[in-house]
A.B. asks: 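What follows is a structure written as structure tokens; I'll ask about it next.
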Amino acid sequence: MVFHYDVDGNDFTLAGEISSKVKKRLKQLGLPPEVIRKVSIAMYEAEINMVIHANGGAIDVEVTPQAVHITFADQGPGIPDLEKAMQEGFSTASNEVRELGFGAGMGLPNIKKNSDNMTIDTKVGEGTTIKLVINIA
Amino acid sequence: MNIQELCKELNLTPVAGESGMDKEISGCYIGDLMSLAMAHLEEGYVWITIQSNLNVVAVSALKEAACVILADGVTLDANATVKADEEALAVFTTEDSAYTLAKKLGALGI
Ligand SMILES: Nc1ncnc2c1ncn2[C@@H]1O[C@H](COP(=O)(O)OP(=O)(O)OP(=O)(O)O)[C@@H](O)[C@H]1O
Ligand SMILES: [Mg+2]
């Protein structure tokens with residue numbers, strides 16, 4: 001089963017909208033609560049990153065009997081130093097988004113912690129693609 | 001203790017999600033940063049924060065928090081109120097600080 005979503009980079013009020021849609025679908029499919037919990041955390045963080053750091057993008061979710069596969073693709077600025085970006089506490093968030101409660105530098109670490117496999121393909125000036133696998137059972 | 005009882009005990013003012021008042025409370029998290037709340041909130045938790053934007057509702061719903069208490073007299077943004085009603089997420093406001101609230105919750109055994 002495959003779902004596709006576009007993330008609007010300009011509309012802050014849509015924050016978390018796609019994550020909640022996917023959560024509801026996975027609940028309907030009867031996936032285990034622990035899987036839904038991990039997907040919810042990872043998806044919210046990646047969706048928000050797309051909005052606040054990359055001006056939007058696209059999300060594809062594929063559910064197989066074995067795992068949930070999620071791809072986040074954006075044409076944003078890319079991540080110059082990925083190792084640094086993965087560190088807890090590192091953030092380039094603007095003051096504007098910090099006031100909304102972002103910028104702890106915990107998003108990417110949260111994604112890593114809640115996925116069974118995470119790959120990041122990023123190029124400065126071209127964009128970032130994050131692929132996640134969350135195993136079922 | 002459920003949300004309804006907590007609301008009464010702490011004299012909280014309901015601001016949204018009044019259809020979701022029967023959930024049981026299992027714990028509490030205090031903080032104002034979304035990705036920390038995302039990591040620390042658990043199902044049935046009370047989230048005490050001074051953030052009032054839509055993301056408070058989004059994070060609470062995704063983590064199945066029981067309710068949100070806005071401390072220091074903070075009020076909920078209009079679009080967040082609509083979303084909280086949709087999600088049946090109870091949100092309250094109070095003049096109490098997060099510290100005062102924490103002491104009261106502790107005294108109630110949460
Ligand atoms: N899709 C992206 N495009 C460009 N840069 C990104 C993207 N995602 C993350 N980054 C960079 O990596 C940094 C760390 O991301 P991370 O999600 O861990 O923290 P944050 O978004 O800054 O804060 P938090 O997620 O805790 O609110 C960001 O500050 C940003 O510089
Ligand atoms: Mg982030």
Side-chain angles (χ1 to χ4, degrees), chain A residues 7-8 11-27 32-53 85-93 96-115, chain B residues 16-17 20 23-24 26-27 29-66 68-72 74-91 93 98:
Chain A
V7 182
D8 186 342
D11 196 350
F12 254 72
T13 63
L14 287 176
E17 193 86 337
I18 293 162
S19 311
S20 18
K21 272 188 197 157
V22 170
K23 185 189 171 192
K24 278 165 194 152
R25 289 210 168 168
L26 298 188
K27 262 193 157 170
E34 185 53 22
V35 173
I36 294 175
R37 199 184 82 90
K38 286 171 152 187
V39 171
S40 297
I41 296 172
M43 273 203 76
Y44 176 77
E45 297 291 3
E47 180 183 353
I48 292 293
N49 278 354
M50 265 186 172
V51 178
I52 68 177
H53 302 300
M86 288 302 300
Q87 283 171 15
E88 294 188 358
F90 177 83
S91 175
T92 61
E96 191 194 353
V97 304
R98 281 177 196 270
E99 277 174 21
L100 295 172
F102 300 109
M106 290 301 294
L108 290 174
N110 276 353
I111 297 169
K112 187 160 179 62
K113 233 174 266 169
N114 286 284
S115 55
Chain B
K23 290 175 205 152
E24 280 296 312
S26 64
Y29 174 73
I30 303 177
D32 307 314
L33 294 174
M34 297 305 150
S35 54
L36 291 178
M38 202 67 207
H40 293 299
L41 280 174
E42 298 294 342
E43 187 179 349
Y45 271 33
V46 177
W47 182 10
I48 300 172
T49 185
I50 53 164
Q51 290 291 351
S52 58
N53 68 76
L54 196 64
N55 286 282
V56 171
V57 180
V59 169
S60 299
L62 283 168
K63 293 305 299 282
E64 296 180 21
V68 174
I69 304 177
L70 302 173
D72 296 316
V74 167
T75 53
L76 194 62
D77 294 357
N79 59 358
T81 306
V82 173
K83 180 85 177 159
D85 285 336
E86 262 173 41
E87 297 278 355
L89 173 76
V91 182
T93 185

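Proteins get letters first, then strands, A, B, ... in listed order; numbering begins at 1 in each.
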A.B. asks: For the atom pair CD (A:Glu45) and CE (B:Met34), what is the distance rounded to the nearest 0.5 Å?
C.D. replies: 10.5 Å
A.B. asks: For B:Glu87, which atoms come within 4.5 Å of any heavy atom of chain A: side chain, backbone, both, or neither?
C.D. replies: side chain
A.B. asks: Could you tell me the separation between the CD atom of A:Glu99 and the CD atom of B:Gln51, rounded to the nearest 0.5 Å?
C.D. replies: 9.0 Å
A.B. asks: Heavy-atom distance under 4.5 Å to chain B: side chain of A:Ile48, backbone, both or neither?
C.D. replies: side chain
A.B. asks: Is the closest side-chain heavy-atom distance between A:Asn110 and B:Met38 below 4.5 Å?
C.D. replies: yes
A.B. asks: Can you give me the closest heavy-atom contact between B:Ala58 and A:Gly16, atom names plus distance?
C.D. replies: CB-CA, 4.5 Å
A.B. asks: Taking salt bridge (Lys or Arg N to Asp or Glu O under 4.0 Å) as the cut-off, I'd like each qualifying pair that reaches into residues 45-64 of chain B, sequence neighbours left out, listed once.
C.D. replies: A:Lys23-B:Glu64, A:Lys27-B:Glu64
A.B. asks: My understanding is that only residues two or more places apart in sequence, or in another chain, count here; which of them pass side chain to side chain donor-acceptor pair (under 3.5 Å) with A:Ser115?
C.D. replies: none
A.B. asks: Is it the side chain or the backbone of B:Asn53 that comes within 4.5 Å of chain A heavy atoms, both, or neither?
C.D. replies: side chain
A.B. asks: Can you find a pair of side-chain heavy atoms, one from B:Lys83 and one from A:Ser20, that are under 4.5 Å apart?
C.D. replies: yes
A.B. asks: Given that the side chain runs from C-beta out, which part of A:Lys24 has a heavy atom under 4.5 Å from chain B: side chain, backbone, both or neither?
C.D. replies: side chain
A.B. asks: In Å, rounded to the nearest 0.5 Å, how long is the span from CG of B:Leu54 to CD of A:Glu17?
C.D. replies: 7.5 Å
A.B. asks: Please flag which part of B:Ala61 lies under 4.5 Å from any non-hydrogen atom of chain A: side chain, backbone, both or neither.
C.D. replies: backbone
A.B. asks: Taking B:Leu33, B:Leu36, B:Val57 one by one, which has the highest count of heavy-atom pairs under 4.5 Å against chain A?
C.D. replies: B:Leu33
